[in-house]
There are 2 protein chains.
Amino acid sequence: MNIQPPRTRIQRKNTQAILEAALLVFSRHGFRGATLDQIAAAAGLSKPNLLYYFPSKEAVHVTLLSQLMDTWLDPLREMDPDGEPVEELLGYVSRKLQMSRDFPRESRLFANEILQGAPRMQEVLATDLRKLVDEKVTIIRGWAAAGKIADIDPHHLIFSIWALTQHYADFDVQVRAVLGEDRDPFAEAETFLRTLFTKLLRP
Amino acid sequence: MNIQPPRTRIQRKNTQAILEAALLVFSRHGFRGATLDQIAAAAGLSKPNLLYYFPSKEAVHVTLLSQLMDTWLDPLREMDPDGEPVEELLGYVSRKLQMSRDFPRESRLFANEILQGAPRMQEVLATDLRKLVDEKVTIIRGWAAAGKIADIDPHHLIFSIWALTQHYADFDVQVRAVLGEDRDPFAEAETFLRTLFTKLLRP
DNA sequence: CGTGATCTTGACCAGATGGTCAAAACAATA
DNA sequence: TATTGTTTTGACCATCTGGTCAAGATCACG
């Protein structure tokens, strides 16, 4: 298998196309709901050709998830312990919301996976993600102890940021159905969330 | 078909068992991920027997969704225009969170459906749900105009309640993975959300 | 250009899955 | 208990789907 570093130009091009197509299809239909034919078609390949690059449907899915995990957590990683606390947190909210706007398929892919009980991610969640969160929780706790922000549970603060920002990507259909056609959910969310977290964080 | 009012005792018992089993399976695996055999087994029936009560897999799913829609929106309906604004809203948050704790499968069923683009619910969302929300939005707007609560966008206030409460049901696995085993997410969420919305709503 | 390596595909397979059907088992009621 | 309507099931079917394979097409490079 040519999984890790695609050697030839064609390999690079096709694995890329497959992963993009898979993102599209998996995020819309979930793992079991997606078919290899769909993915192959979306990538402009035949099914056997797709299976020339990936050993199985599962392999495509796993590759996608692990590749995405990194970029997905970047906004949280960027939170600077030495920055101005409220600005750092509001910045994080803003970046996370932009990711929801710019990469809704990625958001839905993860949502799908977690909803099904995270069968292919339990590990990563309990190790990598937990470690990163714990790190940031310590920082936030420090800010609270120093009186820079209100004294609220840092874990749930982070959950609330995830919930609120991802909601606009994952439940996009619902949001638009309720809001009507003429409004821009993400633009409104930006100001709403800024207000919300400003109030919440004020000591 | 014996869909609407199950006449005999056996019919009532079996349709009930099927719907409960379907809730279990659909909420865990999504529509396409669930199989009739799984559902039938969970209901203690054979597949042909299940299909004696419902004409198709889709029919089971649709019946489930529409039956659930009602109970699902009850907490919002209960919000009383004549009550004390902050208490009404905090009460709604609390009821919604309890639904997440007590009916996580229902929550995930809806989440799954919306994630896939709500193919079987577009209608209801754009009509019933939107109407109910608009109603409550008007009430909230009135409260804000009267200076009883802060002047924030009522739509996004409702979205934030949905996002924050459902997160604890839909992303349960992630929450627990990050939080560790010894904590009680829902109990903590209750106090956290009360704090959050108290701060947010204060004029 | 020739040759070996890489890439692509049509045909195919086995298992799963939604759904059918006729006949058997069962319940109710007279 | 006989009769009729309801419920259950084993056997079956068509289709879909993940995956295989051998043979052909294409590419890269000496």
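Since the structure is predicted, the reported quantities are computational estimates derived from the model, not experimental observations. In what follows, chains are A, B, ... by sequence order, proteins preceding strands, each numbered from 1.
Remark: B/Tyr52 is not in phosphate contact with D/dT8, judged by side-chain N or O atoms under 4.0 Å from OP1 or OP2. Using a 4.0 Å cut-off, some side-chain N or O of B/Arg32 falls inside it from OP1 or OP2 of D/dT17. Residue A/Thr8 places at least one side-chain N or O under 4.0 Å from the OP1 or OP2 atom of C/dC7. OP1 and OP2 of D/dT6 both lie 4.0 Å or more from every side-chain N or O belonging to B/Gln11. Taking side-chain N and O atoms only, B/Arg9 has no distance below 4.0 Å to OP1 or OP2 of D/dT6. Contact annotation: A/Asn49 does not reach the phosphate of C/dC7 (side-chain N/O to OP1 or OP2, under 4.0 Å).
One interatomic measurement links the two molecules: CZ of A/Phe54 to C1' of D/dT20, which rounds to 19 Å at whole-angstrom precision. The distance between atom CZ of B/Phe26 and atom C1' of C/dT17, rounded to the nearest whole Å, is 13 Å. If you take NZ of B/Lys13 and P of D/dT6, they are 17 Å apart, rounded to a whole angstrom. We find that CZ of A/Arg12 is positioned 16 Å from C1' of C/dC7, with the value rounded to whole Å. Per the geometry, CG belonging to B/Leu51 stands 19 Å off P belonging to D/dC12, to the nearest Å. Atom CD1 in B/Ile10 sits about 15 Å away from atom C1' in D/dT9, given to the nearest Å.
With hydrogens and angles ignored, the 3.5 Å screen pairs a side-chain donor or acceptor of B/Lys199 with a backbone N or O of A/Leu200. Between the side chain of A/Arg105 and the main chain of A/Ser27, no donor-acceptor pair closer than 3.5 Å is present. At least one donor-acceptor pair closer than 3.5 Å links the side chain of A/Lys136 to the backbone N or O of A/Arg77. No donor-acceptor distance shorter than 3.5 angstrom exists from the side chain of A/Ser94 to the backbone of A/Leu90, with no hydrogens or angles considered.
A salt bridge between A/Glu188 and A/Arg183 is present, with a side-chain N of the basic residue lying under 4.0 Å from a carboxylate O of the acidic one.
Using a 4.0 Å heavy-atom distance criterion, A/Ala34 is classed as a sugar-phosphate-only contact.
Distances from the side chain of A/Lys57 to the nucleotides C/dT6, D/dT7, D/dG19 place D/dG19 closest. The side chain of B/Tyr53 sits closest to D/dT7 out of C/dG19, D/dT7, C/dT8. Listed nucleotides: D/dG19, D/dG10, D/dC21. Nearest to the side chain of A/Leu36: D/dG19. Closest contact between the side chain of A/Asn14 and the listed nucleotides D/dT9, C/dT8, C/dC7 involves C/dT8. Candidate nucleotides C/dC21, C/dT9, C/dT6 were compared by shortest atom distance to the side chain of A/Ser46, and C/dT9 ranks first.
Comparing A/Lys47 and B/Asp37 along DNA chain C, the residue whose closest nucleotide (by nearest heavy atom) sits nearer the 5' end is A/Lys47.
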